[in-house]
Amino acid sequence: MSLPQFKLLTAETAKAAVELLAMYAGRIRVLAGGTDLIPSMQQKLFEPEYVLDVRRIAEMKGIHERPGRGVEIGALTTLTTIQHSRLLRHRYPVLTEAAGTVASPILRNMSTIGGNICLDTRCLWYNQSLTWRQACGFCIKKDGDLCHVAPGGTKCWAAFSGDTPPALLCLNAELEVLGPSGVRRIPLCDFYTGLGDDYRKLQPNELLTRVFLPEATADYRGVYRKLRIRGSIDYPLAGIAVALKRSNGHCADARVALTAVNPAPVLVKGATDALVGNVVDATLAERIGNLAAKTAKPLTTSALTPEYRREMIRVFTKRAVLAAAQS
Ligand SMILES: Cc1cc2nc3c(=O)[nH]c(=O)nc-3n(C[C@H](O)[C@H](O)[C@H](O)COP(=O)(O)OP(=O)(O)OC[C@H]3O[C@@H](n4cnc5c(N)ncnc54)[C@H](O)[C@@H]3O)c2cc1C
Ligand code: SF4
């Protein structure tokens, strides 16, 4: 599949990048690692007039500890760097574990944390070549007006399928976004809309520049579990992150989050209340598994059935909660 024609622009600073985004808003796409953008352009899902290569922006790279305030990660930091960071492995293990499951080692060398957070939602009927989509009929997410997954509805249910956002949700991460009128900071839990076709709250003239991990969630035990067809490379078809703090054998704080089963990564409703103050045993872990299965809304957006994915959410969540409590 060939790439559509586009003009390549580069920026050396975040400010210069935002100026270019503002100048060509709606006609331009940011290229970070390019591991999702380029295949999507080959499938003619995006046909921007301009592509803005931001990879030379040094201020958006690296992992920096801010004593007493947590850790800052530049949006262009690669997932390999995050996976192998001793600081993050020690203080925020759920993130390094999730980063280490993305795609394959070669793709992680290119992929950035910013690209993983901004990743487009996925659907069996959407992530296909133009010829395939033309033959089967376009849909709401691109060029059409119906949904093959939920016919009769007007909403797109394409699933958000990034691995690191559920881990970041468990850590109460925040994002820094730069736009023409300056910097804004937004909790990750407010970044996604829950709509498959318009999935993130980022204006076309804005750039995600940094991710903040708060000091308050440092040193939590962390576990990430992922369902995928090929263990060596695939996107998640269900993913569960758990971050948990223990005190005197009891759970002092915890969060559980899901990916790939809703149009946004989501925190499991009721999980924190159920866990805090209690000793985590198999019965409690099973209860959290049931809450996770209730929060998950898998539909026929992938090769595996919704029933199987929901059941795996239940099973993997139970195992992940027990593993986090015992680690
Ligand atoms: C075979 C294969 C398997 C994969 N498996 C997985 C998987 O298991 N798990 C997973 O999570 N992903 C997977 N991916 C998708 C992708 O590799 C990762 O999500 C990766 O982290 C994307 O990062 P990137 O830097 O390459 O993003 P890009 O492709 O450069 O960008 C992705 C999107 O984010 C936007 N963007 C990027 N950075 C910014 C920024 N700083 N500000 C604003 N917008 C931005 C881009 O414009 C684009 O829309 C897979 C991809 C392939 C090809
Ligand atoms: S959920 Fe429906 S509208 Fe969204 S990509 Fe899939 S088929 Fe298209």
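All residue numbers refer to positions in the sequence shown, counting from 1. Counting convention: from 1, in listed order, for ligands and their atoms alike.
In this structure, the protein non-hydrogen atom closest to atom 4 (Fe) of ligand 2 is C156 SG, 2.4 Å. What sits closest to atom 6 (Fe) of ligand 2 on the protein, heavy atoms only, is C123 SG, 2.4 Å. Here the protein heavy atom with the shortest distance to atom 1 (S) of ligand 2 is W157 N, 3.2 Å. Nearest protein neighbour of atom 2 (Fe) of ligand 2, counting heavy atoms only, is C147 SG, 2.4 Å. The closest protein non-hydrogen atom to atom 53 (C) of ligand 1 is T35 O, 3.5 Å. Counting protein heavy atoms only, atom 34 (O) of ligand 1 is closest to C118 CB, 3.2 Å. The protein non-hydrogen atom at the shortest distance from atom 8 (Fe) of ligand 2 is C139 SG, 2.3 Å.
Below 3.5 Å of separation, one finds no N or O of M110 facing any N or O of ligand 1. In terms of N/O distances under 3.5 Å, ligand 1 is not approached by E206. For V102, no nitrogen or oxygen atom sits less than 3.5 Å from a nitrogen or oxygen atom of ligand 1, counting backbone and side chain alike. For A103, a nitrogen or oxygen atom sits less than 3.5 Å from a nitrogen or oxygen atom of ligand 1, counting backbone and side chain alike. Taking any N or O of L37, backbone or side chain, at least one lies under 3.5 Å from an N or O belonging to ligand 1. Considering backbone and side-chain N/O atoms, A32 comes within less than 3.5 Å of an N/O atom of ligand 1.
Close to ligand 1: D234, with a non-hydrogen atom less than 4.0 angstrom away. No heavy atom of S104 sits closer than 4.0 Å to any atom of ligand 1.
Counting heavy atoms closer than 4.0 Å to ligand 1, residue L202 contributes side-chain atoms (C-beta onward) but none from N, CA, C or O. Residue contacts with ligand 1 for N116 involve both N, CA, C or O and side-chain atoms from C-beta outward (heavy atoms, distance under 4.0 Å). At a heavy-atom cutoff of 4.0 Å, ligand 1 is contacted by the side chain of K226 but not by its backbone. Counting heavy atoms closer than 4.0 Å to ligand 1, residue L79 contributes side-chain atoms (C-beta onward) but none from N, CA, C or O.
Taking every heavy atom of K141 and a limit of under 4.0 angstrom, the matching atoms of ligand 2 come to 3 (S), 5 (S). Applying the 4.0 Å criterion to heavy atoms of D163 picks out, from ligand 1, the atoms 7 (C), 8 (O), 9 (N), 10 (C), 11 (O). For ligand 2, the atoms sitting less than 4.0 Å from at least one non-hydrogen atom of Y126 are 5 (S), numbered in the order shown with element in parentheses. Listed by number with element, the atoms of ligand 2 under 4.0 angstrom from any heavy atom of I140 are 3 (S). Interface atoms of ligand 1 facing L208, defined by a heavy-atom separation under 4.0 Å, are 40 (C), 41 (N), 42 (N), 43 (C). Close contacts of ligand 2 with A158, meaning ligand atoms under 4.0 Å from a residue heavy atom, involve 1 (S), 4 (Fe). Distances below 4.0 Å separate heavy atoms of G162 from the following atoms of ligand 1: 11 (O).
Residues Q5 and E47 fail the side-chain proximity criterion, which asks for heavy atoms closer than 4.5 Å.
Not one N/O/S atom of H148, from backbone or side chain, sits under 2.8 Å from atom 6 (Fe) of ligand 2.
Applying the side chain to side chain contact (heavy atoms under 4.5 Å, CB included) test between L107 and each of L79, V102, T78, I233 identifies I233 as the sole match. For the side chain to side chain contact (heavy atoms under 4.5 Å, CB included) with D190, the lone residue among L188, T193, I186 that qualifies is I186.
Crowding of K201 atom NZ: a count of heavy atoms from other residues, nucleotides or ligands under 6.0 Å exceeding 12.
Remark: side-chain polar atoms of R228 are paired, donor with acceptor, to backbone N or O of T101 under 3.5 angstrom.
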